[in-house]
Q: 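This structure is in structure tokens; I'll ask about it shortly.
In what follows, chains carry the letters A, B, and so on, assigned in the order in which the sequence lines appear, proteins first and then strands, with residues in each chain numbered from 1.
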Amino acid sequence: MGDCSLHWFEVKMPWENLSPEITYTRGIMIRKTFEHEIQHVKDEVLLLGSMVESAIISSVETLKKRDIKGAEKIIDNDREINKKRFDIERQLMILIATQQPMAHDLRLLASTMEIISELERMGDYAKGIANINLRMGEEALLKPLIDIPRMAKIGTDMLHRSLTAFVNEDVEAAKAIPLDDDEVDALYNQIYRELMLLIIQDPKSIERANWLLWVAHNLERVADRVTNICERTIFIATGELNEIKSSDDDFWKKEK
Amino acid sequence: MENKYAIEANALSIYYGSFMAVNNVDMLIEAQKITAIIGPSGCGKSTLLRAFNRMNDFVPGCHVTGELLMQGKNLYSKDIDPVEVRRKIGMVFQKPNPFPKSIYENIAWGARINGFKGNMDELVEQSLLGAALWDEVKDKLQDSAYALSGGQQQRLCIARTIAIQPEIILMDEPASALDPISTLRIEELMQELKKNYTIIIVTHNMQQAARVSDYTAMMMLDKEGSRSGTVIEFSETKRIFTNPKDKRTEDYVTGRFG
């Protein structure tokens with residue numbers, strides 16, 4: 001019966017599978033188009049990052065100078081940031097649909113989706129600061145800004161380095177950058193105490209103190225979101241998705 | 001736990017004469033799951049698949065070393081009847097290959113020669129239902145199987161396979177000759193079939209492996225210049241396609257393997 005089955009079993013002879021042309025070469029790049037598209041998306045993320053970076057810096061600068069026109073411009077520019085984010089999202093969707101990314105590629109494209117949303121939210125913080133500037137109207141700053149620009153400087157510096165780490169998939173850098181968040185939190189803490197003191201001294205200053213507290217809070221959030229970007233970069237490179245411990249948790253505990 | 005694995009390969013190597021085609025494969029195939037075997041052409045996927053039901057016995061000079069265990073029995077030991085092995089482990093091929101007979105006879109024939117004595121009409125209906133073909137052919141069971149479309153013919157071949165009530169179904173590129181809709185239909189059917197059968201599928205279509213399988217075995221020639229294929233990574237499908245351990249698997253599933 002074994003024989004009578006032969007005519008209907010399609011048996012491929014072994015030599016049909018073994019052509020002498022089979023070559024075994026690894027590392028040849030055979031997805032040039034896809035690689036090119038990925039590079040393009042990474043460039044776009046860097047561009048979005050630099051738009052957000054300059055929005056944050058100028059939101060604090062215009063506040064320092066009480067420059068209302070400048071603040072309005074930041075609010076206008078936020079629309080460009082949002083538009084760019086949707087643009088990149090669309091490109092990512094097309095790549096996922098047409099290229100069927102797997103493994104590292106899949107982690108990269110999915111994480112980029114997360115990262116651009118983090119960036120867009122950071123843009124909103126800059127817009128938030130600009131809105132505070134508008135809302136202050138004719139009121140003068142409660143105190144000269146010293147630590148707030150420092151927070152902005154450290155935060156945007158972290159942002160810049162986190163995007164470099166993202167593009168280079170640099171795990172070591174991605175692990176190191178969130179440590180700087182402690183410095184931002186320390187400044188935030190200091191500003192908080194200082195403003196509390198001013199409120200106690202002169203309760204009429206509550207509103208003006210509150211405005212500055214919001215500004216500092218927005219900047220503190222920027223650094224937190226940088227940590228999220230670093231988490232994604234580690235995930236892209238290693239496949240491990242872990243939350244980087246935030247020093248915020250300690251901050252709130254101490255304040256209780 | 002004894003039924004967790006349907007079949008088990010231990011240090012299984014497959015030779016064509018003195019040429020080793022598959023080198024030292026260890027695999028535990030979980031029962032009622034779909035296991036996909038992927039890898040570049042010529043790495044021994046089909047050879048390994050055919051070893052599971054001793055189809056390679058038809059190839060002159062082909063022999064194996066190591067063990068292939070099903071319920072604790074080595075399928076290659078001398079007292080095992082290969083025909084019995086093929087009854088327990090059915091196979092579906094790349095090109096639909098119905099017999100040049102009626103739809104009904106395509107299913108009845110295999111059962112009959114295997115000594116089936118029950119209600120044949122019922123078996124035919126049940127098998128066609130199981131292969132999701134019944135509604136399309138119930139009014140023309142006496143028509144030639146060749147009158148069916150490619151996708152229908154392939155489902156007929158699946159019906160023919162399950163009519164023998166195997167435990168394992170091997171599929172060698174079962175959808176590569178079919179259009180996308182017929183392909184999806186076969187893939188849906190596989191999800192139904194795995195409730196009752198263990199399925200091992202060889203496919204070149206990585207998206208298909210990702211869509212249908214629970215486990216994926218990645219095969220590759222074991223080293224540069226070698227002609228022997230082996231399983232380099234065997235793991236849950238979701239792992240293979242999101243975070244494979246082996247760089248070569250990564251290169252293959254992301255399409256960087258040249």
Q: NZ of A/Lys153 to CD1 of A/Ile56: how many Å apart, nearest 0.5 Å?
A: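 That separation rounds to 12.5 Å.
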
Q: Indicate yes or no: at least one non-hydrogen side-chain atom of B/Gln207 is less than 4.5 angstrom from one of A/Met102.
A: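 Side-chain contact under 4.5 Å: yes.
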
Q: Output yes when B/Arg112 and B/Glu105 qualify as a salt bridge under the 4.0 Å nitrogen-oxygen rule, no when they do not.
A: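 B/Glu105 and B/Arg112: salt-bridged.
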
Q: Out of A/Pro101, A/Gly239, A/Ala103, which one racks up the most heavy-atom pairs below 4.5 Å with chain B?
A: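 Ranked by contacts with chain B, first place is A/Ala103.
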
Q: If the contact rule is any heavy atom under 4.5 Å from chain B, which residues of residues 104-116 of chain A qualify, in numerical order?
A: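 Within residues 104-116 of chain A, the residues that come under 4.5 Å of chain B (heavy atoms only) are A/His104, A/Asp105, A/Leu106, A/Arg107.
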
Q: Validate the cation-pi geometry between A/Arg161 and A/Phe166: distance from NZ or CZ to the six-membered ring centre under 6.0 Å, angle to the ring axis within 45°.
A: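 No, cation not above the ring by the 6.0 Å, 45° rule.
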
Q: Can you tell if the side chain of B/Leu48 reaches within under 4.5 Å of the side chain of B/Leu12, non-hydrogen atoms only?
A: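 Counting from C-beta outward, B/Leu48 and B/Leu12 do come under 4.5 Å.
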
Q: Consider side-chain hydrogen bond (donor to acceptor under 3.5 Å, both in side chains). Of A/Glu220, A/His217, A/Arg221, which one does A/Tyr188 pass it with?
A: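 Passing option: A/His217.
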
